[in-house]
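Down below is the structure, laid out as structure tokens.
Quick caveat: nothing in here was measured; it's all calculated off a predicted structure.
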Amino acid sequence: TGRVFFHYPGVLIAIASTKPFVWDRQAPIRMPNSSGALPPGDSEFRIDGPTFAATIETAPLREFPGATPEDRLAAFRTACVEKSSVEVLTDGLLKGRCTNRHGVAIERTFAGAATVNGAPVDFDRWPVAASRWVNQATPDAPLVVTDGTVVRTYDFGAWSIAETTR
């Protein structure tokens with residue numbers, strides 16, 4: 001159907017595509033990890049091109065309570081199937097739109113302009129990492145990591161590490 005759902009410790013994951021795909025758990029992996037090793041029992045699925053759009057949607061387990069992992073996954077699946085969508089837009093450009101279960105709509109032209117709920121988003125200026133604990137504004141900017149007390153700054157351009165205490 002072009003959808004697959006996962007229940008992992010701490011997170012639920014949905015992958016949706018505008019094209020159906022086959023997931024043969026016995027098929028060989030065509031793209032092993034960087035070490036060339038294949039984890040035991042690992043498998044992959046492929047979405048054959050040339051034109052499709054795909055999206056990944058996640059949720060914390062607490063958003064979908066249930067007596068069993070199967071119950072939580074079933075509730076997440078229902079919410080995604082009923083409320084989420086992904087589509088290829090046909091305005092002459094290679095462009096896709098996904099809408100998540102909360103109604104947030106993201107549109108993106110391949111390697112081009114993007115919007116979230118109609119507002120432009122500049123992914124070239126999107127932070128590499130941004131959270132309470134880790135921040136890196138751009139790939140060239142320093143990486144700042146903190147535990148709330150100690151702040152460690154990794155400046156890869158100057159090849160230096162600085163540490164301060166708040």
Side-chain angles (χ1 to χ4, degrees), residues 1-8 10-25 27-39 42-60 63-64 73 76-146 152-161:
T1 64
R3 293 182 186 250
V4 64
F5 300 89
F6 302 96
H7 183 296
Y8 284 99
V11 68
L12 298 161
I13 302 169
I15 300 173
S17 170
T18 55
K19 286 189 172 184
F21 52 86
V22 175
W23 188 8
D24 179 355
R25 298 204 51 138
I29 293 179
R30 293 187 272 177
M31 295 296 290
N33 64 28
S34 60
S35 72
L38 300 175
D42 213 3
S43 61
E44 69 182 3
F45 61 87
R46 293 281 176 145
I47 304 167
D48 291 325
T51 304
F52 68 90
T55 186
I56 299 173
E57 188 166 348
T58 64
E63 188 177 333
F64 293 93
L73 186 62
F76 176 62
R77 181 190 183 284
T78 297
C80 289
V81 168
E82 289 178 358
K83 298 176 182 174
S84 301
S85 64
V86 59
E87 60 189 314
V88 173
L89 303 176
T90 55
D91 63 0
L93 300 171
L94 184 52
K95 188 177 196 179
R97 175 190 300 130
C98 68
T99 304
N100 71 13
R101 67 190 183 283
H102 302 295
V104 175
I106 300 170
E107 287 188 18
R108 178 93 195 252
T109 300
F110 182 73
T115 63
V116 175
N117 290 335
V121 175
D122 185 352
F123 283 118
D124 292 334
R125 298 193 199 302
W126 199 261
V128 174
S131 78
R132 175 176 178 188
W133 310 110
V134 178
N135 189 290
Q136 186 174 13
T138 67
D140 298 327
L143 171 67
V144 180
V145 181
T146 184
R152 184 172 282 175
T153 302
Y154 297 88
D155 186 335
F156 301 111
W159 206 243
S160 65
I161 301 171

Please check if atom CZ in Arg77 has more than 12 non-hydrogen atoms from other residues, nucleotides or ligands closer than 6.0 Å. no
Contacts of Phe110 meeting ring-ring contact (aromatic ring centres under 6.0 Å, His included) (sequence neighbours excluded), chain-then-number -> none
Identify, with sequence neighbours excluded, every residue that meets ring-ring contact (aromatic ring centres under 6.0 Å, His included) alongside Phe64. Phe76
Name the one of Ile15, Leu12, Leu73 that satisfies side-chain contact (heavy atoms from CB on, under 4.5 Å) with Phe5? Leu73
For Val86 against Ser17, the heavy-atom pair lying closest together: CG1-C, 3.9 Å
Do other residues, nucleotides or ligands put more than 12 heavy atoms under 6.0 Å from Lys83 NZ? no
Sequence neighbours left out, what passes ring-ring contact (aromatic ring centres under 6.0 Å, His included) with Phe21? Give chain and number order. Phe45
Distance-only, no hydrogens or angles: does the Thr55 side chain make a donor-acceptor pair with backbone N or O of Ala16 under 3.5 Å? no
Mind checking what makes side chain to side chain contact (heavy atoms under 4.5 Å, CB included) contact with Val144, not counting sequence neighbours? Val151, Thr153
Value for CD1 (Ile13) from SG (Cys80), rounded to nearest 0.5 Å, stands at 11.0 Å
Quick one: are Trp133 and Val145 in side-chain contact, heavy atoms under 4.5 Å? no
Minimum heavy-atom distance between Val128 and Thr138, given as atom pair plus value: CG2-C, 3.4 Å
Name all residues meeting the side chain to side chain contact (heavy atoms under 4.5 Å, CB included) criterion together with Thr51; count only those two or more places apart in sequence or in a different chain, and write none if there are none. Val88, Leu94
Which residues satisfy the side chain to side chain contact (heavy atoms under 4.5 Å, CB included) test with Ala137, sequence neighbours excluded? Ala141
For residues 99-121, which residue pairs pass the salt bridge (charged side-chain N to carboxylate O under 4.0 Å, His left out) check, not counting sequence neighbours? Glu57-Arg101, Glu63-Arg101, Lys95-Glu107, Arg97-Glu107
When the ring planes of Trp159 and Phe156 are compared, do they come out parallel, tilted or perpendicular, using 30° and 60° as the limits? tilted
Mind checking what makes salt bridge (charged side-chain N to carboxylate O under 4.0 Å, His left out) contact with Asp140, not counting sequence neighbours? none
For Thr99 against Ala105, the heavy-atom pair lying closest together: OG1-CB, 3.8 Å
Non-neighbouring partners of Ala119 that pass side chain to side chain contact (heavy atoms under 4.5 Å, CB included), sequence neighbours left out: none
Less than 4.5 Å apart, any side-chain heavy atom of Thr115 and any of Ile106? no
Just jot down the salt bridge (charged side-chain N to carboxylate O under 4.0 Å, His left out) partners of Arg152, sequence neighbours excluded, or say none. Glu163
Nearest non-hydrogen partners of Ser84 and Asn100, listed with the distance: OG-C, 3.5 Å
What distance do Phe6 atom CZ and Ile56 atom CD1 have between them, rounded to the nearest 0.5 Å? 9.5 Å
Could you pull out the closest heavy-atom pair between Gly96 and Ala53, with the gap in Å? CA-CB, 4.3 Å
Exercise: identify the closest heavy-atom pair between Pro139 and Gln136: O-NE2, 3.4 Å
